[in-house]
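Worth saying up front: this structure is predicted, and the values here are computed from it rather than measured.
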Amino acid sequence: METPQFPLIISVDDHTVEPAAVWQDRLPKKYLDVGPRIVRAPLKEMTFLGGRFRPVMGDPGGTDGPLGDWWVYEDLRRPLTRLDTAVGVDRDEVRLEVITYEQMRAGSYDVPARLADMDVNHVQSAVCFPTFPRFCGQTFTEAADKELGLLCVRAYNDWMVEEWCGPKARGRLIPLTLIPLWDAELAAAEVRRNAARGVRAVAFSEIPPHLGLPSVHADDWDPFLAACDETGTVVAMHIGSSSRMPSTSADAPPAVGSTITFANCCFSMVDWLMSGKFERFPNLRVMYAEGQIGWIPYILERADVVWEENRGWGGVADKVTRPPSETFAGHVYGCFFDDAFGLRNLDSIGVGNVLYETDYPHSDSTWPKSREVAETQMGHLADDVVERIVRGNAIELLGLTEDGLWRGPR
């Protein structure tokens, strides 16, 4: 018998490296000198310890370090690094170093080149998180000028919808937009503005208090959540979207944090399950990008025990009326790219609650062997289950066409 064709992948977590002109082409002229722009300059020093990334830029035109392309915005100096775009580079040569656009794979920032790299990787469609704005737009939230910050958020979203996911993408790139995190009413308006042109996913922080923002237990986010509930917009949370990667100490090497990256997703999911928000907003859906899935069964088991035994004094009896595992089933999606353990325990998670990703072009990416990794890890699963994980669940969650394409502006 002929071996069935492995389903074309819909990746719910890839990344775009924004072209240099995204904001310079869209901001009012008076903001061009302070808005995001690319400057080529040397690197003085750079560390990534205890989950904190600290680069120091040298003087443009100077020679006191390796040259790289830097995003300059207000007082921020943020370089492009090899970790932003590592595909095509031997793993032993992937280091924490600054790079230029010429030193990265063109698919990182160019749409036709991205589609070609997706073809190589058996990927049909992809959702892409930002790079310079960071995973949920923290860059603009931390900026001093909020009027400019709002313009930057809107400019990014316009670029995402009109260019990155525009005609050249042929429906294969699925838009993920940002919100002004500092104002829930403005955030709600931006969700509705983008939903009106077909966007079904918005980036949000896994742990907002780490950004100095209210938690999901408060009512502050209700205007934003109501807009997502009303428009069917999925709340997408990427590891590191709290600007704080998990670590154990200030001097812990990056390998420690890389091993426990799922921890923020774990903490965040318990927050949401114990917040009562899913009962208040019954159409609300959230997804955890790059968090993997193997940890989910125990957390659901423990959350159910706590709810059953301790809800009276645990502060949730009046707002969480069902076991958290039941709420999870209808509202939460785990995303993975390399998690054989999670797939062996799929029955304890739920076939309908799992999405696949490739993490292109990051250093963890399975490109160009995402299909091979999936086939190896999913070999024990029925064909219809593989179909749901690799593409079917994403089609349903993101409102794609039956063929797995973004429908485009409506």
Side-chain angles (χ1 to χ4, degrees), residues 11-15 46-55 81-87 89-97 129 131 134-136 138 205-207 209-211 236-273 286-303 332-346 348-349 353-367 369-370 372-374 376-378 389:
S11 173
V12 297
D13 170 33
D14 286 356
H15 299 264
M46 181 163 57
T47 59
F48 189 16
L49 293 173
R52 296 289 186 176
F53 177 49
R54 295 184 176 88
T81 75
R82 176 55 65 203
L83 300 188
D84 292 330
T85 171
V87 292
V89 178
D90 186 278
R91 290 298 171 100
D92 290 335
E93 296 178 5
V94 175
R95 301 178 177 86
L96 183 59
E97 60 184 353
F129 282 81
T131 297
R134 309 215 299 282
F135 295 140
C136 67
Q138 304 102 295
S205 174
E206 60 201 354
I207 308 177
H210 286 346
L211 304 178
M237 293 171 283
H238 196 285
I239 58 167
S241 57
S242 60
S243 295
R244 188 182 302 178
M245 293 297 287
S247 191
T248 55
S249 63
D251 59 348
V256 172
S258 185
T259 302
I260 58 174
T261 50
F262 72 91
N264 281 359
C265 296
C266 173
F267 300 158
S268 176
M269 190 178 82
V270 175
D271 255 351
W272 281 92
L273 291 176
V286 304
M287 57 173 265
Y288 287 100
E290 210 172 317
Q292 311 303 335
I293 59 174
W295 53 273
I296 292 176
Y298 172 70
I299 293 301
L300 293 179
E301 177 184 279
R302 176 60 184 165
V332 183
Y333 295 77
C335 311
F336 78 101
F337 59 81
D338 188 0
D339 191 341
F341 179 84
L343 289 169
R344 290 196 300 271
N345 293 275
L346 191 60
S348 298
I349 302 169
N353 296 88
V354 174
L355 305 168
Y356 196 54
E357 58 186 45
T358 76
D359 197 30
Y360 179 106
H362 283 183
S363 60
D364 267 344
S365 178
T366 51
W367 185 93
K369 298 181 178 180
S370 299
E372 289 85 345
V373 171
T376 298
Q377 296 190 350
M378 300 183 198
I389 292 172

request  = In sequence, state the C-alpha distance, the side-chain angles, and the governing distance for H362 and F129, and then conclude on side-chain contact (heavy atoms from CB on, under 4.5 Å).
outcome  = CA-CA 11 Å; H362 283 183; F129 282 81; over 6 Å; no

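- A distance-only check finds a donor-acceptor pair linking the side chain of E357 to the backbone of E290 [under 3.5 Å].
- The two residues C265 and E206 come nearest to each other via the heavy atoms N-OE1, 4.4 Å.
- Inter-residue side-chain proximity for L273 and L300 is flagged as met; some heavy-atom pair is nearer than 4.5 Å.
- With hydrogens and angles ignored, the 3.5 Å screen pairs a side-chain donor or acceptor of Y288 with a backbone N or O of M269.
- Across all their heavy atoms, G294 and P297 have their closest contact at O-CD, 3.5 Å.
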request  = Test Y356 against F337 for ring-ring contact (aromatic ring centres under 6.0 Å, His included), laying out the working first.
outcome  = CA-CA 6 Å; Y356 196 54; F337 59 81; 8.4 Å; no

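- For the residue pair S11 and D14, a side-chain donor N or O sits within less than 3.5 Å of a side-chain acceptor on the partner.
- In this model, no donor atom of one side chain and acceptor atom of the other lie less than 3.5 Å apart for Q377 and D339.
- Panel note: side chain S205, backbone S241; a donor-acceptor pair is recorded below 3.5 Å.
- For the pair A255 and T259, the tightest heavy-atom approach, listed with the atom from each and the gap, is O-OG1, 2.8 Å.
- Within the 4.5 Å cutoff, side-chain heavy atoms of M46 are placed close to those of F53.
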task = Starting from the C-alpha separation in whole Å, work towards a yes-or-no answer on side-chain contact (heavy atoms from CB on, under 4.5 Å) for Y360 and V87.
result = CA-CA 7 Å; Y360 179 106; V87 292; 3.7 Å; yes

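- Partners of Y333 under the ring-ring contact (aromatic ring centres under 6.0 Å, His included) rule, at least two apart in sequence or in another chain, do not exist in this structure.
- In terms of the salt bridge (Lys or Arg N to Asp or Glu O under 4.0 Å) criterion, residue partners of D84 (sequence neighbours excluded) are, by chain and number, R78.
- Proximity of I389 to L343: side-chain heavy atoms (C-beta onward) are separated by under 4.5 Å at one or more points.
- Rounding to the nearest 0.5 angstrom, the gap separating the CZ atom in F336 from the CD1 atom in I293 is 5.0 Å.
- With sequence neighbours left out, the side chain to side chain contact (heavy atoms under 4.5 Å, CB included) criterion links R91 to no other residue.
- Between N264 and R244 the shortest heavy-atom distance is ND2-O, 2.7 Å.
- Without hydrogens or angle criteria, T366 side chain to K369 main chain gives no donor-acceptor distance under 3.5 Å.
- With a 4.5 Å cut-off on side-chain heavy atoms, L83 and V94 count as touching.
- Note that CD1 of I239 and CD1 of I260 are 11.0 Å apart. Values are rounded to the nearest 0.5 Å.
- Using a 4.5 Å heavy-atom threshold, the side chains of F267 and I207 count as touching.
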message = side-chain contact (heavy atoms from CB on, under 4.5 Å) for L211 and C136? Distances and angles first, verdict last.
response = CA-CA 11 Å; L211 304 178; C136 67; 4.2 Å; yes

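- In this structure, H238 and H15 have perpendicular ring planes: the angle between them is above 60°, well past the 30° mark.
- The nearest pair of heavy atoms linking I296 to G334 is CD1-CA, 4.3 Å.
- For E93 against V89, the heavy-atom pair with the smallest separation is CB-CG1, 4.0 Å.
- Considering CZ of R82 and OG of S363, their distance stands at 11.0 Å, rounded to 0.5 Å.
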